[in-house]
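Working notes, beginning with the structure itself.
For clarity, every value in this text was computed on a predicted model and none was experimentally measured. Naming convention: chains lettered A, B, ... in sequence-line order (proteins, then strands); numbering from 1 in each chain. Just the heavy atoms: all of them, side chains too, but no hydrogens, waters or symmetry mates, feed the values below.
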2 protein chains.
Amino acid sequence: MKNLIEPLDDITLSGFRFFKSLSDEELKSLNYEKTCSSLKKGSIIYKEGSRLTGFYCIVRGIVKVYKTGIDGKEQIIRFARKGDIIAYRSLLSQESACTTSKIIEDAILCHVPYKTLLNLIEKNSSFALAMLRIVCAELKEANEYITDIAQKTVRERLAEILLLLKDSFDLDADQTLQISLTREELANTVGTATESIIRLLSEFKQDKLIDLQGRKIKIINLAGLIKVANLTNNRS
Amino acid sequence: MKNLIEPLDDITLSGFRFFKSLSDEELKSLNYEKTCSSLKKGSIIYKEGSRLTGFYCIVRGIVKVYKTGIDGKEQIIRFARKGDIIAYRSLLSQESACTTSKIIEDAILCHVPYKTLLNLIEKNSSFALAMLRIVCAELKEANEYITDIAQKTVRERLAEILLLLKDSFDLDADQTLQISLTREELANTVGTATESIIRLLSEFKQDKLIDLQGRKIKIINLAGLIKVANLTNNRS
DNA sequence: AAAACAAATTGATATATGTCATTGTTATAA
DNA sequence: TTATAACAATGACATATATCAATTTGTTTT
């Protein structure tokens, strides 16, 4: 699969919630300085260790962000979708990327240069604060996930991840998760072995919590799933 | 143990690396607006769920920051020491605290009001950027820990935590860790059961990696520990 | 100093989950 | 249409780690 990259002209970042606090003028130059591209599933946006020149806004599609751990096993840190930004963490720290990002659903991304970001932070304190809050939100998520992964069983975590995916990517009319992951990707998110995911999904199906057909996961007993997930209070 | 709080007059935050980018004038009003206190081991600085009015700078002592998970089991998110700041995450997100912070070594803290923080972020873009980089650094750590906890054995993680503690709190002349934790606290950091920590520490001792006397942990084979920790590349 | 409590240790045991191996299934390409 | 590979599903098995229970040691508190 080739990285079919085709520049796109008419995309604007003006509607992005992340840029809500920008003035018209700032938006104008932002839109001028960004570079958009269309990427096919499987394309890699940037690799762990690479030098970043900017961050990316996701206009459409889905991206998985992961770290490479022991034996090259990937740990998925998050899924990003329309309206999200990626690569900003390492960029702001001025380090080379500590994650890899890969398209899992055909996407359109806009690249915003580091300099533009710095400029906005410097000139627009509302933007700086908004940025700060985005990082803080992600840090909160991370801390919660550390607690989960340290204290919960794989079964509980799988249920929880399914609920999280439901909240992030919604269900279609048929109560089916609008994100399609391989069993391995699910395993790399939950932090377990692929076989365990397969077995647990089957169990969930037997228990009438979900229905499976291929990669489609249909939630048929939400309350039951929530119960299995054993939520403390956080994540809905 | 009582929360013996005694206001302290002559403490200044001017030397804090975190405030490096402040002007003399900003420092002056910061020092005026802060409130310092001396807290004994065991004191709780703030509790999960409480409303925060500011963040805290640690002038001396050690603090553990933890989340309460399943069955009230605590998951230690980080240890903070001189020069570190705590409580800023929830504060910036304007949420109630999602962690609890407790003194584990007699400490002096300075409370800086939210308004002061906001003001600095608004008026001093270098400070805003510095703040941003602090949050980013913590997010990086968190992501790395997620990968570890998801992929490594308890044995590996324990070795790694010992190394981390060594880097954060240094060793005394005798190669002994300058932070004293109960086995339970170690367990709650590593994300395992207390008994497992006890057994693994004994094994490490048998393997001549460390020496134990009470809560004192002496590192006698650093290279060996590093090997056990099975570091990918990140944390030293 | 005794009493009361918290922390550390050790052993026995159960089990959730990882690992390995095999086969079936589906997608992709040639 | 076959060939090739990626993915999914199952079974058998090993084991790291949790859990439970009992004992010892060390710290506070009165």
Side-chain angles (χ1 to χ4, degrees), chain A residues 1-2 40-42 64 69-75 102 104 148-161 180-207 210-217 228 230, chain B residues 1-2 4 40-43 64 69-76 102 104-106 148-161 180-207 210-217 228-230:
Chain A
M1 186 166 299
K2 286 286 167 293
K40 286 291 195 184
K41 177 172 176 169
K64 70 172 172 182
I70 311 297
D71 296 324
K73 186 173 163 67
E74 63 183 51
Q75 176 63 39
K102 196 176 203 173
I104 62 173
D148 282 347
I149 213 166
Q151 300 193 354
K152 289 186 170 183
T153 64
V154 172
R155 160 175 269 265
E156 291 169 320
R157 268 145 54 205
L158 174 56
E160 180 163 354
I161 291 291
S180 167
L181 300 173
T182 65
R183 305 289 135 116
E184 191 179 7
E185 282 168 332
L186 260 178
N188 293 341
T189 308
V190 172
T192 187
T194 307
E195 295 94 327
S196 298
I197 291 292
I198 291 171
R199 282 184 250 260
L200 285 169
L201 282 178
S202 300
E203 279 182 45
F204 285 3
K205 183 177 176 179
Q206 283 204 327
D207 298 347
I210 61 172
D211 233 334
L212 298 169
Q213 29 195 7
R215 288 180 195 163
K216 296 280 174 205
I217 299 176
V228 171
N230 193 7
Chain B
M1 183 166 302
K2 286 287 168 294
L4 188 143
K40 286 291 195 186
K41 176 171 176 172
S43 308
K64 70 171 171 182
I70 309 299
D71 295 324
K73 187 173 161 66
E74 63 182 50
Q75 176 62 39
I76 296 179
K102 197 177 205 173
I104 61 172
E105 203 163 278
D106 294 0
D148 282 347
I149 213 166
Q151 300 193 353
K152 288 187 172 182
T153 63
V154 172
R155 159 175 269 266
E156 289 168 322
R157 269 145 52 204
L158 174 56
E160 180 164 354
I161 291 291
S180 167
L181 301 172
T182 65
R183 306 288 134 118
E184 190 179 6
E185 283 169 332
L186 261 177
N188 293 341
T189 308
V190 172
T192 186
T194 307
E195 295 94 325
S196 298
I197 290 292
I198 291 172
R199 282 182 249 260
L200 285 168
L201 282 178
S202 300
E203 278 183 44
F204 284 4
K205 183 177 177 179
Q206 283 205 326
D207 297 347
I210 61 174
D211 234 334
L212 297 170
Q213 29 195 7
R215 288 179 193 164
K216 295 279 174 204
I217 300 177
V228 171
N230 193 8

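- Nearest to the side-chain atoms of A/A193 among the listed nucleotides C/dA7, C/dG18, D/dA18 stands C/dG18.
- Protein atom CD of A/Q206 is 9 Å distant from nucleotide atom P of D/dT10, rounded to whole Å.
- Computed from coordinates, the B/R183 CZ to D/dT27 P distance equals 12 Å when rounded to whole Å.
- OP1 or OP2 of D/dA18 lies within a sub-4.0 Å distance of a side-chain N or O belonging to B/S196.
- Rounded to a whole Å, the CD atom of A/Q213 is 15 Å from the C1' atom of C/dT26.
- In this structure, A/L212 and A/S202 approach most closely via the heavy-atom pair CD1-N, 4.5 Å.
- Side chain A/E185 to base D/dC7: no donor-acceptor pair is found below 3.5 Å.
- Whole-Å rounding puts the B/I198 CD1 to D/dT17 C1' distance at 14 Å.
- Taking atom CD of B/Q151 as the reference point, atom C1' of C/dT19 lies 15 Å away to the nearest angstrom.
- In this structure a side-chain-to-backbone donor-acceptor pair under 3.5 Å is present from A/R157 to A/K152.
- Separating the CG atom of A/L186 from the P atom of D/dA8 is a distance of 9 Å, rounded to the nearest angstrom.
- Partner A/I197 forms a side-chain contact (heavy atoms from CB on, under 4.5 Å) with one of A/L201, A/L200, A/T194 and no other, that one being A/L201.
- At a threshold of 4.0 angstrom between heavy atoms, the contacts of A/T153 are confined to the sugar-phosphate backbone, with no base atom among them.
- Rounding to whole angstrom units, CD1 of residue B/I70 and C1' of D/dA18 are separated by 15 Å.
- Contact annotation: side chain of B/R199 to base of C/dG11, donor-acceptor pair present below 3.5 Å.
- Counting atom types as modelled, B/R155 pairs no side-chain N or O with a base atom of D/dT15 as donor and acceptor under 3.5 Å.
- For the pair A/E195 and A/R157, nearest-nucleotide mapping onto DNA chain C gives the more 5' position to A/R157.
- Between the side chain of B/Q75 and the backbone N or O of B/N188 there is at least one donor-acceptor pair closer than 3.5 Å.
- When the side-chain nitrogen and oxygen atoms of A/T192 are compared with OP1 and OP2 of C/dG18, one or more of them lie within a distance under 4.0 Å.
- Rounded to whole angstrom, the span from the CD1 atom of B/I197 across to the P atom of D/dA16 amounts to 16 Å.
- Formation of a donor-acceptor pair under 3.5 Å by the A/E156 side chain with backbone atoms of A/N230 is not found in this model.
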